[in-house]
Structure formats: structure tokens, C-alpha cells
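Have a look at the structure below before the remarks.
All values below come from the heavy atoms of this structure, side chains included, with hydrogens, waters and symmetry mates left out. Heads up: numbering here begins at 1 and tracks the sequence.
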Amino acid sequence: MTPTALRIIFAGTPQFAASYLEALVASEHELLAIYTQPDRPTGRGKKLLPSPVKQVGLNAGIPVFQPVSLKGETEQHQLAQHNADVLVVVAYGLILPQAVLDIPRLGALNVHASLLPRWRGAAPIQRAIESGDKESGVTIMQMDAGLDTGDMLATLACPIGPGTTAASLHDELAETGIPLLLDVLGDLPAYQSRAQKQDGTNSTYAAKILKSEAIIDWHKEAVTLDREARAFNPFPVSYTIVNGERLKVWEAKVVSAGNSQHAPGTIVKANREGIFVQCQTDQLCITQLQLPGGKALTAEQVLNAKSDLFCTGTRLGGP
């Protein structure tokens, strides 16, 4: 190792975390161990599937540990045996007690996908888009026992545009945040000496996304439904009901139409540009959608095959 290289334990679970782990594996730092959540059943067969982080770890030949919790003395003793300089945590999904955070020589760092103290919690990317924020970002934080309350070592902002989805922002934050983390690790004591405390009075909570949030309420304004569609792409995907079937809305845009004599949820027109649906205010033009058993298609493709479902005057369902 070089003089600035660190002995690192990495803790994370989803693809967002796996991107950071891949960068650390390729860096000058030494990866001692990887912690990730237990394999989860998935698909119709409920086959156990390893997390993206576990897959990276196995491919790199790094020991992988999957405890259900790190609150027990046995698990904490095992972690301490690695004799790490620092623990790097990215979307791990388990609560880490202070006893764990105190084990590494330089403590524990968290990569959080927001500009703290804005959007502490489980779904910062989605909630930022849903709320109409103009920017998001990455914060490298010195962890404490609170929920994303630790001192900030470094931040990097990223704009949220009118077409930004949770999927695209996820990828951008992974790409832009990796160099930031590597910079911090390259001179960690200096960054720790300049750490800034968070202003808790300005904090907001990013609650976990529920599937029940995805059903479209056409009595909302079009701009609100547009934000929801982008925030819930790729999960859980906004949807409405047409002819008794679930219609997933992958992409849409707001069309200024003001108030209308059409009831919310009414299809005003449907053509190659999209399916125009009246909202409480303005219209939502659905441009990419998915019918049950099919794949996501453009509105033009769907109308070529199923135009009878989207006749002018048809009411789409919702709450």
C-alpha cells in the first residue's frame, strides 16, 4: 500500500453501493471485508439472490459477511478483528450502533445521496424529485448513532432538471460521488479536521417509498403527477387503471391547459405525441407506458395496437 492507503471495511447492499465498492476495489486502498444484507428471495420462484455488493465482493475475492444485525457482541468482535482504519457505509440498510462506529481507527464514513441536512432517511433521491427540488447531491459524512445526523466532511451538488428521473439521478450521483469519496479517503484526517456540523432545524425526512404511493390521483395538479412519475421511475412506477387493467406510466410531461370542463382522469385526446389526460389543473401527456404482460412502449406504439383503450372521453381510474 502507498502511505495514504487505508485499510477499509465496506458496508452496503444495492447497486448504488456496488458502484462505490467497485471504485474502491480498483483504488490504492486495501479492502479487508465487505458487509451486506442477507440474500433475499426474489421472483416467482422466491430464489435467494445475493445483493449487488455481495456479487462485487465475491468477484474480487474479498471476504463477505452477512449478519442480520451488528448489535451483538459476537458480530462486533468479528468486525474488530479486521483491524480496519475506516468503515465506509453506502446504503447498507442496517442500523449501526455507536459501538460499531467506534471500532475503526478513523471511525465510519457514510455516503448519502442528498445535500444534508436536506432529506435524511431511506429515499433521498426519490423525495427530492417528488418535492420539486432544483438540486440534489452527495454528502460524505462522519457517522454517529443518529439518522444521517453526523458531521459533514464534503458535499457535491447535482442539478435536478425537468426530465430527471430517480433512475437517472441515481446513476449521476453514483458517478459524481465516487471521486468525492476517493478524495476524502486520500486525505481523511484533514477532511475530519474541517468537518461541519449539520443544522438540524433545516432537516427533512425522506421516508421509504411505498407501493401504495404509486397509484395516480388525477385530482392532483399535472405538475405534481409529473414529479411523482419521475420520482417513482424505476420503482414502484406510477400507474392508473384503464378498462380494469393496471397501466404503468413510465414517462410523461405537463401540458398547460388550465382548468377544463373535463373531469380529472378524462382522456382529452390521444395521438402520436402521447395520451393527454386532464388533471385538477393542466394535463399530463403520457409518452411512455406499459400494459400488463407487455413491456414499456411509446404512446404511439401502444395506440397502434390498443387505440380502443384510449378513446377521447375515457376515464382513467384512481383514488
Side-chain angles (χ1 to χ4, degrees), residues 12-18 36-44 46 48-49 51-53 68-69 89-96 110-133 136 146-149 160 164-171 173-174 203-242 244-252 254 264-265 277 279-280 284 286 288-293 296 316-319:
T13 300
Q15 183 57 50
F16 184 78
T36 189
Q37 289 202 35
D39 296 354
R40 303 295 188 194
T42 186
R44 294 180 180 179
K46 298 299 180 182
L48 290 178
L49 185 69
S51 73
V53 162
V68 175
S69 170
V89 182
V90 186
Y92 184 23
L94 291 183
I95 295 175
L96 301 182
N110 177 240
V111 179
H112 188 71
S114 81
L115 296 175
L116 290 170
R118 181 88 171 150
W119 300 122
R120 295 172 176 172
I125 291 175
Q126 296 92 331
R127 297 305 181 191
I129 296 172
E130 181 188 19
S131 297
D133 290 5
S136 179
L147 178 64
D148 302 325
T149 56
I160 297 177
T164 300
T165 66
S168 64
L169 183 55
H170 167 283
D171 293 347
L173 293 182
S203 69
T204 48
Y205 178 60
K208 180 181 178 180
I209 301 295
L210 303 177
K211 290 183 179 180
S212 58
E213 297 180 68
I215 187 165
I216 296 173
D217 181 354
W218 295 107
H219 290 84
K220 295 180 179 180
E221 296 183 353
V223 65
T224 300
L225 296 181
D226 168 61
R227 291 172 182 168
E228 290 179 357
R230 292 186 289 112
F232 300 155
N233 176 349
F235 175 85
V237 187
S238 291
Y239 73 93
T240 188
I241 305 298
V242 57
E245 294 187 313
R246 180 175 295 199
L247 174 73
K248 292 184 177 181
V249 176
W250 283 93
E251 292 182 6
V254 177
V277 186
C279 306
Q280 184 64 42
L284 191 71
I286 303 172
Q288 187 179 58
L289 56 155
Q290 181 179 3
L291 290 169
L316 301 181

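- In this structure K248 satisfies the salt bridge (charged side-chain N to carboxylate O under 4.0 Å, His left out) test with no other residue, sequence neighbours excluded.
- Every residue two or more places apart in sequence or in another chain that forms a side-chain contact (heavy atoms from CB on, under 4.5 Å) with F235 is listed here: K211.
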Worksheet entry | CA sep, side-chain torsions, deciding dist, call: L291, L247, side-chain contact (heavy atoms from CB on, under 4.5 Å) | CA-CA 5 Å; L291 290 169; L247 174 73; 3.6 Å; yes

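- The side chain to side chain donor-acceptor pair (under 3.5 Å) test applied to S168 returns T165, not counting sequence neighbours.
- Shown here are the side chain to side chain donor-acceptor pair (under 3.5 Å) partners of N110, two or more places apart in sequence or in another chain: there are none.
- With a 4.5 Å cut-off on side-chain heavy atoms, P124 and H112 count as touching.
- With sequence neighbours excluded, no residue forms a side chain to side chain donor-acceptor pair (under 3.5 Å) with Q126.
- Looking at residues two or more places apart in sequence or on another chain, you find a salt bridge (charged side-chain N to carboxylate O under 4.0 Å, His left out) between D39 and K54.
- The side chain to side chain donor-acceptor pair (under 3.5 Å) check on S51 picks up T36, with sequence neighbours excluded.
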Practice prompt. Would you please test K220 and Q280 for side-chain contact (heavy atoms from CB on, under 4.5 Å) and show each step?
Written response: CA-CA 5 Å; K220 295 180 179 180; Q280 184 64 42; 5.8 Å; no

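- Residue I95 places its CD1 atom among 12 or fewer non-hydrogen atoms of other residues, nucleotides or ligands, all under 6.0 Å distant.
- With sequence neighbours excluded, the residues satisfying side-chain contact (heavy atoms from CB on, under 4.5 Å) with A18 are Q15, P52, V53, V56.
- Residues satisfying the side-chain contact (heavy atoms from CB on, under 4.5 Å) criterion with E245, sequence neighbours excluded, are P292.
- Residues satisfying the salt bridge (charged side-chain N to carboxylate O under 4.0 Å, His left out) test with R120, not counting sequence neighbours, are none.
- Under the rule for a side-chain contact (heavy atoms from CB on, under 4.5 Å), the partners of A252 that lie at least two apart in sequence or sit in another chain are V249, L284.
- Residues I209 and P236 meet the side-chain proximity criterion, which asks for heavy atoms closer than 4.5 Å.
- Shown here are the salt bridge (charged side-chain N to carboxylate O under 4.0 Å, His left out) partners of E130, two or more places apart in sequence or in another chain: R127.
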Item to complete: List the steps, then state whether side-chain contact (heavy atoms from CB on, under 4.5 Å) holds for V237 with F232.
Response: CA-CA 5 Å; V237 187; F232 300 155; 5.6 Å; no

